[in-house]
Amino acid sequence: MSTLQTVVHDAAELVVGPAADETLRTYESAAIAVVDGDVAMVGPTEDVRREYPFDTAKTTVDASGKTVIPGFVDPHTHALFAGDRSDEFAAKLRGKPYQEILEEGGGILRTVEAVREASDEELVANLTRQLDLMLAHGTTTAEVKTGYGLDTETELRMLDAIAQAADDHPVDVVATFMGAHAVPDGRETEDYVDEVVEEQLPAAADRGVAEFCDVFCEEGVFTVEQSRRILEAGEEYGLTPKIHAEEFTRLGSAQLAADLDAVSADHLLHATSEDAEAMADAGVVPVLLPGTAFSLGESYADPQQFQNAGAPVALATDLNPNCYSQSMGFAVALACNGMRMAPADALLGATRNAALALDRDDGTGTLVEGSSADLAIVDGPSHVHVPYNFGVNSVDTVLKDGAVVARGGAVADEDTVADGGDVRD
Ligand code: NIG
Ligand code: FE
């Protein structure tokens, strides 16, 4: 019999994932046994103890009074960037619109300048810092987009930095190529689309780092037809489409996502119930980004219309210099308090449904037997405490493949995790 790697025991509540009817499946007074990085057994503590005597485990974690949830999956981030746009935050609060800032060469285009100027080492260090923060807030899988290069050389440097930062980091990183994030200063849009399709995409696909291709389909950025051309070209190079859809204006990008069988359509502030139906019929996962609406002062997306259509609503942080939050717990709190989602639905949105938005239907975002033992221990007696206790990091401990990787709001090292024994308090 394989060695028992880790046991987390006596959790007040343990969230397994979705039940057959898509409600949240939970256990009370529960434990989880980990063998070879995977969940070997989950259930009431005494049942697990009988099968897997705890004294044989290399590591035991006492989760009394706490809640064990699957590690958060963050399916939409622009976590690799450089520079500082805090002055734009103040301008936005004075009423300056996001798109006006972009038209004046600010916003994304300012970050592009900073990324082009940053060294390879700085890019890797910047992303590592963001991944550390995400991990400490309970995220164990995260998507990261390019799109602050907007030329072949810098887009490739971003892909290389993503691969390098991901290499020995506990967070599983999923890369998306997004050369069509904005039109670079001084360029005609059509001419830039040609460059993305003919030059950037083949070179990016050749790197073998990205899994998805994304486009900012928005008035003043890329039209539906330009977005279609880029996403179809991406598919030819093996990159699955994703799309920034119906964020500031309704252009028909949700419908485009359905036509292309995109894995997800994200933002959706202006999507209608017809859009939701079309997406649900085509299996496109709606990814809602409440932090973006919150920081832009816009109305939130309507999760209900996607739920009514039978779609698995996913949540993400949208971490970027315009929406500066690494915390999926905060996204869950905004989804509940701002979008009126039930805590259980928001939690599924931040875990299993978020994994579906990354094309991972392999147990990622769940703690079912056989899935990777990626989990967060929340300092509160039920999953409701994630959104209920907002504004703090209520994630106490994070495990990746059954190993303690973060503790007390920081990435773990030898000083915080005892070798081969109980996790120190
Ligand atoms: O998803 N909407 C476009 N892209 C990002 C913002 C990126 C930025 O402002 O740097 C988003 O919100
Ligand atoms: Fe985005």
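Along the sequence shown, residues are numbered consecutively beginning with 1.
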Query raised in the report: Asp396 and Arg407: salt bridge (Lys or Arg N to Asp or Glu O under 4.0 Å), yes or no, with the steps?
Result: CA-CA 6 Å; Asp396 172 277; Arg407 186 91 174 125; 3.3 Å; yes

Query raised in the report: Should the ring pair His267 and His244 be called parallel, tilted or perpendicular, given that the plane angle runs from 0 to 90° and is split at 30 and 60?
Result: tilted

Query raised in the report: Which residues satisfy the side chain to side chain donor-acceptor pair (under 3.5 Å) test with Glu88, sequence neighbours excluded?
Result: Arg85, Arg110

Query raised in the report: Going by heavy atoms in the side chains, are Leu24 and Leu348 under 4.5 Å from each other?
Result: yes

Query raised in the report: Is any side-chain N of the basic residue among Asp275 and Arg250 closer than 4.0 Å to the acidic one's carboxylate O?
Result: yes

Report task. State whether a side-chain donor-acceptor pair under 3.5 Å links Glu13 with Thr67. Result -> no

Query raised in the report: When you look at CG of Asn308, are more than 12 heavy atoms from neighbouring residues, nucleotides or ligands closer to it than 6.0 Å?
Result: yes

Requested in this report: Could you check if a side-chain atom of Thr146 sits within less than 4.5 angstrom of a side-chain atom of Ile162, using non-hydrogen atoms only?
Outcome: yes

Query raised in the report: Are Val68 and Leu367 close enough that some pair of their side-chain heavy atoms sits under 4.5 Å apart?
Result: yes

Requested in this report: Answer yes or no: is there a side-chain heavy-atom contact under 4.5 Å between Leu347 and Val386?
Outcome: yes

Query raised in the report: Considering residues at least two apart in sequence or located in another chain, which fulfil the ring-ring contact (aromatic ring centres under 6.0 Å, His included) criterion with Phe294?
Result: Phe330

Query raised in the report: So, the side chain of Asn126 versus the backbone of Phe81: is there a donor-acceptor pair under 3.5 Å, distance only?
Result: yes

Query raised in the report: Do other residues, nucleotides or ligands put more than 12 heavy atoms under 6.0 Å from Glu277 CD?
Result: yes

Query raised in the report: Looking at Leu102, Asn320, Asn322, Ile101, which hits side-chain contact (heavy atoms from CB on, under 4.5 Å) with Ile108?
Result: Leu102

Query raised in the report: Can you name the side chain to side chain donor-acceptor pair (under 3.5 Å) partners of Thr56, sequence neighbours left out?
Result: none

Query raised in the report: Heavy atoms, side chains only, cut-off 4.5 Å: are Pro184 and Asp151 in contact?
Result: no

Query raised in the report: With Glu104, which residues qualify under salt bridge (charged side-chain N to carboxylate O under 4.0 Å, His left out), at least two apart?
Result: Lys96

Query raised in the report: In Å and rounded to the nearest 0.5 Å, what is the OG to CG distance from Ser382 to Leu14?
Result: 12.5 Å

Query - Asp362: partners by side chain to side chain contact (heavy atoms under 4.5 Å, CB included), with sequence neighbours left out - result: Arg360, Thr364

Query - Counterpart residues, side chain to side chain donor-acceptor pair (under 3.5 Å), relative to Thr292 (two or more places apart) - result: Asp318

Query raised in the report: Are Phe54 and His9 near enough that their ring centres are under 6.0 Å apart?
Result: yes

Query raised in the report: What is the distance from atom NZ of Lys242 to atom CG of Asp214, rounded to the nearest 0.5 Å?
Result: 7.0 Å

Requested in this report: Identify the residue among His137, Gln130, Arg129 that makes a side-chain hydrogen bond (donor to acceptor under 3.5 Å, both in side chains) with Gln326.
Outcome: Gln130

Requested in this report: Would you check, one step at a time, whether the test side chain to side chain donor-acceptor pair (under 3.5 Å) holds for Glu219 with Thr249?
Outcome: CA-CA 7 Å; Glu219 206 167 77; Thr249 39; 4.5 Å; no

Requested in this report: Could you tell me whether the side chain of Met279 reaches within less than 4.5 Å of the side chain of Val285, counting heavy atoms only?
Outcome: no

Query raised in the report: Under 3.5 Å, side chain of Thr6 to main-chain N/O of Gly402, donor-acceptor pair present?
Result: yes

Query raised in the report: With sequence neighbours left out, what residues match Thr128 under side chain to side chain contact (heavy atoms under 4.5 Å, CB included)?
Result: Val124, Asp132, Ala165, His169

Report task. Check step by step if side chain to side chain contact (heavy atoms under 4.5 Å, CB included) holds for Arg25 and Tyr27. Result -> CA-CA 7 Å; Arg25 203 174 130 215; Tyr27 286 107; 3.4 Å; yes

Requested in this report: Determine whether more than 12 heavy atoms belonging to other residues, nucleotides or ligands lie under 6.0 Å from atom CD of Glu28.
Outcome: no

Query raised in the report: Under the 3.5 angstrom rule, does the side chain of Asp167 hit a backbone N or O of Gln164 as a donor-acceptor pair?
Result: no

Query raised in the report: Is it true that Arg157 and Asp160 have a side-chain N and a carboxylate O under 4.0 angstrom from each other?
Result: no

Report summary line: Output for pair (Gln5 CD, Leu399 CG), nearest 0.5 Å, gives 8.5 Å

Query raised in the report: Can you tell me if Asn393 uses its side chain to pair, donor with acceptor, with the backbone of Ala136 under 3.5 Å?
Result: yes

Query raised in the report: Would a line drawn from the ring center of Phe248 to the ring center of Tyr98 be shorter than 6.0 Å?
Result: yes

Query raised in the report: Can you list every pair that meets side-chain hydrogen bond (donor to acceptor under 3.5 Å, both in side chains) and has a residue in residues 29-41, with sequence neighbours left out?
Result: none

Report task. With sequence neighbours excluded, tell me which residues meet ring-ring contact (aromatic ring centres under 6.0 Å, His included) with Tyr148. Result -> His181

Query raised in the report: With a 4.5 Å heavy-atom cut-off, do Ile69 and Thr351 have their side chains touching?
Result: no

Requested in this report: Go through the steps for Lys145 and Glu143 under the test salt bridge (Lys or Arg N to Asp or Glu O under 4.0 Å), then give the verdict.
Outcome: CA-CA 7 Å; Lys145 300 178 201 292; Glu143 186 249 21; 2.8 Å; yes

Query - Rounded distance [0.5 Å steps], CD in Glu22 versus CD in Gln307 - result: 11.0 Å

Requested in this report: Evaluate the side chain to side chain donor-acceptor pair (under 3.5 Å) criterion for residues Arg352 and Thr366: first the C-alpha distance (whole Å), next the side-chain angles of each, then the deciding distance (0.1 Å), finally the verdict.
Outcome: CA-CA 6 Å; Arg352 197 286 306 250; Thr366 76; over 6 Å; no

Report summary line: Taken to the nearest 0.5 Å, the spacing of Leu80 CG from Leu159 CG works out to 9.5 Å

Report task. Could you tell me whether a side-chain N or O of Glu246 sits under 3.5 Å from a main-chain N or O of Ser253, the two making a donor and an acceptor? Result -> yes

Query raised in the report: Has the side chain of Thr139 got a donor or acceptor atom that lies under 3.5 Å from a matching backbone atom of Leu135?
Result: no

Query raised in the report: Can you name the side chain to side chain contact (heavy atoms under 4.5 Å, CB included) partners of Ala118, sequence neighbours left out?
Result: Ala82, Glu122, Leu123

Would you mind writing out the side-chain donor-acceptor pairs for residues 331-340 within the sub-3.5 Å range, not counting sequence neighbours?
{"unit_1": "Asn337", "atom_1": "ND2", "unit_2": "Ala333", "atom_2": "O", "d": "3.0"}
{"unit_1": "Arg340", "atom_1": "NH1", "unit_2": "Asn337", "atom_2": "O", "d": "2.8"}

Query raised in the report: For residues 368-391, which residue pairs qualify under salt bridge (charged side-chain N to carboxylate O under 4.0 Å, His left out), counting only residues two or more places apart or in two chains?
Result: Asp374-Lys400

Query - Arg49 vs Glu46, salt bridge (Lys or Arg N to Asp or Glu O under 4.0 Å): CA-CA, chis, key distance, verdict - result: CA-CA 5 Å; Arg49 192 196 304 276; Glu46 290 320 311; 3.0 Å; yes

Report task. Would you check if the side chain of Gln305 reaches a backbone N or O of Ser273 as a donor-acceptor pair within less than 3.5 Å? Result -> yes

Report summary line: d(Glu235 CD, Cys213 SG) to nearest 0.5 Å is 9.0 Å

